[in-house]
Every structure is written in structure tokens, then in C-alpha cells.
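Being a predicted model, the structure only gives us computed values, none of them experimental.
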Amino acid sequence: MRKNIFVFSFILLAALLLAACGSADQEEGTDEHWESIQEKGEIVAGTSGTLIGASYYDENDELTGYTVEIMREIGERLDLEVSFEIMGADDLATAINSGRIDVGANDATITETNQEKFGFTDPYKYSYIVAAVRESDNSGIETLEDLEGKKAGGAASTIYSQIAEHYGAEVKTYGNAPNEAYLSDISTARTDLVLNDYYLTKFGVAAFPDFDLHLHPTLKFNPTEQALMMPKESTTLQEEMNSALNDMREDGTLSELAKEFYEEDASQEPDVEVEIVEGLDF
């Protein structure tokens, strides 16, 4: 009997030890990404370099923008170098999943669907959805229902293109094209609209005053939140980046950068009345 008890106790102890090791391995796995970044001393961020205001090349051919400078500031506060890989919005998810980049820094919108697949920092930007259309006739669009049969420019993977398709528009994709390509096509009637967030659309349209183009006067809907995107299991990286973002919010750095690049404080929820359209959280 004692022998049986001893054997049972030994098996139980071994099982507990294995469980403990498994738990430790899981915790270690959760931190692997962060540990790898610390060993390299570098965060690799994917960004487009084509979004005026957020991620673009200035007159000196230097990469800059609200999202880019936030990423650089986070790196400085975490004592890490930040390098950027230029890629289209549709390539970010694959690059994160393959380990090619550590973070997506391209104005990614937080949605329920995205959160099932990726981790996100706290929001660094608050906006809402608008449409760039032809100024001469609003591209024949007065309501979202009027998107039926229209052509919308955009990246295939964004919530904005998915909304356009939801309302019956055909989406023309461009790869990692500059704003000019999207907006020129609206002006020349190759396409009819681009849906995007207010700040990016406002500055994109303003950059090309000779185009037949403006922000639709009444289509303003659904508040959005933008954040930095990473592998879902990279919880330590997420915590470290959130800590840096929180410090930036408290010391005013986020507000200063937002006003520098958008002339408005995009780090705060906008005081604008917008329509809430249900069922668009793709």
C-alpha cells in the first residue's frame, strides 16, 4: 500500500512539475518577441511612406509624419533604435506574421476583427470616416447607399475599402501608391471616391488644390481609433509601448506632434457630430 502511495505521489509530483514547466515555457514564449527586440536593440516598423500627415517623405526626402515620429519617440523612450521598412497597407499583416517587422506603424484602425488577429497599442489618434469626392458634383454621391455601382480607390485590406464594397462600390486597389494617384483618379473620373479618416483625407485633398476634389460636405460617420499593430502574443511589447505612449500623452508630446502634422489635436477625440452607422466594424 505504501509503495502504491509513493508511486502515485511521485507521478503527481512529476505531473505538477511538468505543468509548472509548461506554464513557464508559455510565459517565456509570450516574452520571446520582446526579448528578441531587446537583444537586437532595435524595433523594425512597417510603414507606407505615402500617407500625407501620417507617414510620408518631406521636401528633403526624409521619412516623417505623425505616426512615424510617434514610433521614433517610443523607440527613444524604450532605449531602442527604430528602423522602417516601406510597404503597402495590404502587406503589413503578412510582414508582422512572418516576423519581417515587429510593428505596423501605418495608421491602422482598431476593429473587432483586427483585434482577433493582432495586438494593438492604446490609440494615439482619434478620427472619423469621410469621403474625398469630386467638388463639381460630389461624384453623384449624397448618402452611403449611393456608393452602389461607384468606383472607390483604396487598399484591399482596409476597413474603408470593406465599407465601400459593403455598399456596392467596386474597389480599385493601387498597392503602395502615393496620395496623388488615388486623388487624381477621382478628379479625372477614373474613380468616384476614397473613404478614409478625416485627417488623412483633409491633408491629402489640400495637397492638390488644382484637382476637382473636396471632402464630401455631409458624409461624416463612425468614430475611429488608430494604433500601432503587432503580433497578438507580443503582450510585453504591447505593455512597454503603451507605457511610453501614456507618458507621451501625459507630458503633451502626443498633442504637440498631432498639431505639428495635422494642425489639430488628433490625439484627442474630435468634437464633431458624426453619424453612427451600425454594422461596419469589419
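Checking side-chain atoms of Lys172 against main-chain N and O of Arg190 turns up no donor-acceptor pair under 3.5 Å. Side-chain atoms of Asn97 come within 3.5 Å of backbone N or O of Ala93 as a donor-acceptor pair. Although no hydrogens or angles enter the test, the distance criterion places no donor-acceptor pair under 3.5 Å between the side chain of Ser243 and the main chain of Glu239.
The ring pair (Phe, Tyr, Trp, His ring centres under 6.0 Å) analysis of residues 162-185, with sequence neighbours excluded, yields the pairs His166-Phe282, Tyr174-Tyr182. A ring pair (Phe, Tyr, Trp, His ring centres under 6.0 Å) check over residues 217-245, counting only residues at least two apart or in different chains, returns nothing. Applying the ring pair (Phe, Tyr, Trp, His ring centres under 6.0 Å) test to every pair with at least one member in residues 102-127, sequence neighbours left out, gives these pairs: Tyr66-Tyr124. Residue pairs that meet the side chain to side chain donor-acceptor pair (under 3.5 Å) test with at least one member in residues 87-96, sequence neighbours left out, are Asp90-Ser157.
Closest non-hydrogen pair, Ser83 versus Glu42, comes out as OG-OE2, 3.0 Å. Scanning both residues, Leu228 and Ile74, for their nearest heavy atoms gives CD1-CD1, 3.6 Å. Counting all heavy atoms, side chain and backbone alike, Gly204 lies closest to Asn179 at CA-ND2, 4.2 Å. Closest approach of Ser234 to His33, counting heavy atoms only: OG-ND1, 2.6 Å. Across every non-hydrogen atom of Val130 and Lys220, the tightest pair is CG1-CG, 4.4 Å. Nearest heavy-atom pair across Lys232 and Glu116 is CD-O, 3.5 Å.
There is a side-chain donor-acceptor pair under 3.5 Å between Asn106 and Ser48. No side-chain donor-acceptor contact under 3.5 Å links Arg100 and Ser98. Thr109 and Glu225 share no donor-acceptor pair across their side chains, judged by distance under 3.5 Å alone. Between the side chains of Asp107 and Thr67, at least one donor N or O sits under 3.5 Å from an acceptor N or O. Residues Gln226 and Thr224 bring a donor and an acceptor atom of their side chains to less than 3.5 Å of each other. A donor atom on one side chain and an acceptor atom on the other are not found under 3.5 Å apart for Thr64 and Arg72. A side-chain donor from one of Ser255 and Asp265 sits under 3.5 Å from a side-chain acceptor of the other.
How far CG of Leu63 is from OG1 of Thr47: 6.0 Å, rounded to the nearest 0.5 Å. Rounding to the nearest 0.5 angstrom, the gap separating the CG atom in Leu213 from the OG atom in Ser136 is 10.0 Å. In this structure, CD in Glu85 is found 10.5 Å from CG in Leu92, a value given to the nearest 0.5 Å.
By the ring pair (Phe, Tyr, Trp, His ring centres under 6.0 Å) test, Tyr57 is found to be paired with no residue, residues two or more places apart in sequence or in another chain being considered. Contacts of Asp247 classified as side-chain hydrogen bond (donor to acceptor under 3.5 Å, both in side chains), with partners at least two apart in sequence or in another chain: none. Not counting sequence neighbours, the partners of Asp137 by the salt bridge (charged side-chain N to carboxylate O under 4.0 Å, His left out) test are Arg134. Considering only residues two or more places apart in sequence or on other chains, Thr191 meets the side-chain hydrogen bond (donor to acceptor under 3.5 Å, both in side chains) condition with none of them. Applying the side chain to side chain contact (heavy atoms under 4.5 Å, CB included) test to Phe203 and every residue at least two apart in sequence or in another chain returns Ile52, Tyr262, Glu263. Annotation: side chain to side chain contact (heavy atoms under 4.5 Å, CB included) contacts of Val82 (sequence neighbours excluded): Met71, Phe84. In this view, Lys202 and Glu264 satisfy the side-chain hydrogen bond (donor to acceptor under 3.5 Å, both in side chains) rule, not counting sequence neighbours. Partners of Thr201 by side-chain hydrogen bond (donor to acceptor under 3.5 Å, both in side chains), not counting sequence neighbours: none found.
Linking Ile, Leu, Val, Met, Phe, Trp and Tyr residues whenever their side-chain heavy atoms come within less than 4.5 Å places Ile110 and Ile96 in a single cluster. The hydrophobic cluster containing Phe208 also contains Leu51, counting ILVMFWY residues as joined when their side-chain heavy atoms lie under 4.5 angstrom apart, directly or transitively. No chain of hydrophobic side-chain contacts below 4.5 Å, direct or via other Ile, Leu, Val, Met, Phe, Trp or Tyr residues, connects Ile43 to Ile101. One hydrophobic cluster, built from ILVMFWY side chains closer than 4.5 Å, holds both Val274 and Leu215. The hydrophobic cluster containing Leu78 does not contain Met229, counting ILVMFWY residues as joined when their side-chain heavy atoms lie under 4.5 angstrom apart, directly or transitively.
Within 6.0 Å of atom CD in Glu81, 12 or fewer heavy atoms from other residues, nucleotides or ligands are found, so the atom counts as exposed in its surroundings. Heavy-atom neighbours of Asp271 CG from other residues, nucleotides or ligands within 6.0 Å: at or below the threshold of 12. Within 6.0 Å of CG on Asp79 lie no more than 12 heavy atoms contributed by other residues, nucleotides or ligands. The number of heavy atoms from other shown groups lying within 6.0 Å of NZ (Lys40) is above 12. Residue Lys151 places its NZ atom among 12 or fewer non-hydrogen atoms of other residues, nucleotides or ligands, all under 6.0 Å distant. Counting heavy atoms of neighbouring residues, nucleotides and ligands inside a 6.0 Å radius, atom CD of Glu273 does not exceed 12 of them.
At least one side-chain heavy atom of Val103 sits less than 4.5 Å from a side-chain heavy atom of Met241. Within the 4.5 Å cutoff, the side chain of Arg77 has heavy atoms near those of the Thr253 side chain. Looking at heavy atoms from C-beta onward, Val194 lies out of side-chain contact with Tyr160 at the 4.5 angstrom threshold. Counting heavy atoms from C-beta on, the side chains of Glu142 and His216 come closer than 4.5 Å. Inter-residue side-chain proximity for Asp102 and Met230 is flagged as unmet; no heavy-atom pair is nearer than 4.5 Å. Side-chain contact between Leu200 and Lys125: present, with at least one pair of heavy atoms (C-beta onward) separated by less than 4.5 Å. In this structure the side chain of Asp146 never reaches within 4.5 angstrom of the side chain of Asn138, judged on heavy atoms. Taking the side chain as every heavy atom from C-beta outward, Asp192 and Ile186 never approach each other to under 4.5 Å.
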**Report entry** side-chain contact (heavy atoms from CB on, under 4.5 Å) between Glu73 and Ile70, intermediate numbers included
**Finding:** CA-CA 5 Å; Glu73 182 69 20; Ile70 284 173; 5.7 Å; no
Query raised in the report: Please walk me through it: do Thr50 and Ser55 pass side-chain contact (heavy atoms from CB on, under 4.5 Å)?
Result: CA-CA 6 Å; Thr50 59; Ser55 170; over 6 Å; no
**Report entry** Working for side-chain contact (heavy atoms from CB on, under 4.5 Å), residues Ile141 and Leu219
**Finding:** CA-CA 9 Å; Ile141 297 167; Leu219 278 184; 3.9 Å; yes
Report task. May I have the step-by-step check of side-chain contact (heavy atoms from CB on, under 4.5 Å) for Trp34 and Leu237, ending in yes or no? Result -> CA-CA 5 Å; Trp34 174 242; Leu237 174 61; 3.9 Å; yes
